Amino acid sequence: MESTPLSRSCAFLDRDGILIEDTGHPHRIEEVLWIPGIMPAIRRLNAAGLAVCIVTNQSGVARALYDEAMVGRLHVWMAEQARAAGARIDGFAYCPFHPAAGGGRYGRASARRKPGVGMIEDWLTHFPLRREGSFLIGDRETDMAAAAAAGIPGHLFPGGDIDAFVSGLLVTA
Ligand SMILES: [Mg+2]
């Protein structure tokens, strides 16, 4: 990874519904439908000097629909696709747990699972990133709740052109 200036603010992006269409636990490359405008939107966030970090609940692991290795491979591929489009994604965080799914080792509550704040806090602590100026874009109320718990603005994407949506956020920021 390229060297990272300290104390950047971050645009936290939900994955399913923001980066790619939420087709119901998408986990294969063939299933990926990028949200229209997402690459220009990420380039716009990069140009604004923001880190871009993905925070995604992946209860499909707990539900035994796919495993963590598949999540990892998909995220590597997504980062490569973005890079090929001139867009930089700085990192992916996911939560494989679900409190009510199955009886396996992933079937438990986790502070990292949104609306929990764990994934955001881990990024802020370990990257490191600045809370001031950071925000989250998601498509569900659980995303908004996680942002609120982190003390950062949450922006609910209503669908449509996400580049126009991001452009509007940066103008008013
Ligand atoms: Mg979502």
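Just so you know, ligand 1 is whichever comes first in the structure, and atom 1 is the first atom listed for that ligand. All heavy atoms count here, side chains included; hydrogens, waters and symmetry mates do not. Remember, predicted model here, so these are calculated numbers, not experimental data.
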Legend entry - Tally of protein N, O or S atoms, where distance to the Mg ion (ligand 1) is under 2.8 Å: 3
Legend entry - With Arg108 via salt bridge (charged side-chain N to carboxylate O under 4.0 Å, His left out) - residues at least two apart: none
Inset, instruction - Keeping to residues at least two apart or across chains, list the ring pair (Phe, Tyr, Trp, His ring centres under 6.0 Å) pairs with something in residues 99-122. - result: Phe97-Tyr106
Legend entry - Side chain to side chain, Tyr66 and His25, heavy atoms closer than 4.5 Å: yes
Legend entry - ring-ring contact (aromatic ring centres under 6.0 Å, His included) against His155, all qualifying residues, sequence neighbours excluded: Phe135
Inset, instruction - Say whether Val71 and Val32 are linked into one hydrophobic cluster, either directly or through other cluster members, by side-chain heavy-atom distances under 4.5 angstrom. - result: no
Legend entry - same_hphob_cluster(Ile54, Leu50) at 4.5 Å side-chain heavy-atom cutoff: yes
